[in-house]
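For reference, the structure is listed below as structure tokens.
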Amino acid sequence: MSFLLKGKKEDFLELATELRLEATVGMTKPMLKNLITKSAGTKSALTSNAFNDYCADEEIQHLQIATGVLRGNGQVERVHRTLIPVLKSYHLICH
């Protein structure tokens, strides 16, 4: 999940606000990432109720796989190979 830390702090604050989370300007990027991606008391990324609600509101399909399975890792890599260039071009168009 380290790729999330490449974003701007302002973007994290905006996303936290959209997810109706309590974020402050004094929070660091890792603190904001954890607030956005983790439920209280869990260690699994991207499982917070706020994140799941956001995905449902935006009609985003959130898929989870078992870690440590080579087939699953290959599937993720193929999705990333397609998805990352699309997201980068979308970001360039919108900003």
Side-chain angles (χ1 to χ4, degrees):
M1 299 303 297
S2 62
F3 67 91
L4 286 176
L5 295 177
K6 293 181 182 178
K8 295 180 183 176
K9 183 176 177 178
E10 295 79 19
D11 294 337
F12 285 111
L13 287 168
E14 182 181 343
L15 179 58
T17 302
E18 284 186 26
L19 293 172
R20 297 177 289 283
L21 300 172
E22 293 184 31
T24 62
V25 177
M27 296 176 81
T28 64
K29 287 190 341 183
M31 291 168 66
L32 289 166
K33 174 194 157 245
N34 287 337
L35 176 69
I36 292 167
T37 60
K38 294 185 179 179
S39 299
T42 65
K43 302 235 183 245
S44 179
L46 300 176
T47 58
S48 71
N49 289 334
F51 181 77
N52 290 332
D53 292 345
Y54 177 79
C55 288
D57 291 345
E58 298 296 321
E59 298 179 10
I60 296 170
Q61 184 181 12
H62 180 215
L63 302 175
Q64 297 177 339
I65 64 161
T67 58
V69 179
L70 292 177
R71 185 185 72 207
N73 290 340
Q75 290 170 337
V76 169
E77 293 301 322
R78 283 189 294 281
V79 169
H80 285 176
R81 214 177 357 219
T82 303
L83 186 60
I84 290 173
V86 170
L87 292 175
K88 283 182 180 179
S89 64
Y90 177 77
H91 178 74
L92 291 174
I93 291 170
C94 292
H95 290 91

Completion exercise
Taking every heavy atom of Leu13 against every heavy atom of Thr24, the minimum-distance pair comes out as CD2-O, 3.5 Å
Problem - Shortest non-hydrogen separation from Glu22 to Met27 and the atoms involved - result: O-SD, 4.3 Å
Practice task
Could I get the full list of side-chain contact (heavy atoms from CB on, under 4.5 Å) partners for Glu58, not counting sequence neighbours?
Solution key: Tyr54, Ile60
Fill in the blank from the handout: So CD of Glu14 and NZ of Lys9: to nearest 0.5 Å the spacing works out to 15.0 Å
Fill in the blank from the handout: Taken in chain and number order and not counting sequence neighbours, the residues that satisfy side-chain contact (heavy atoms from CB on, under 4.5 Å) with Thr28 are Pro30, Met31
Fill in the blank from the handout: One should read off an interatomic distance between Asp11 CG and Lys29 NZ, to the nearest 0.5 angstrom, of 9.5 Å
Practice task
Please round to the nearest 0.5 Å and tell me the distance separating atom CG of Leu32 and atom CG of Leu21.
Solution key: 9.5 Å
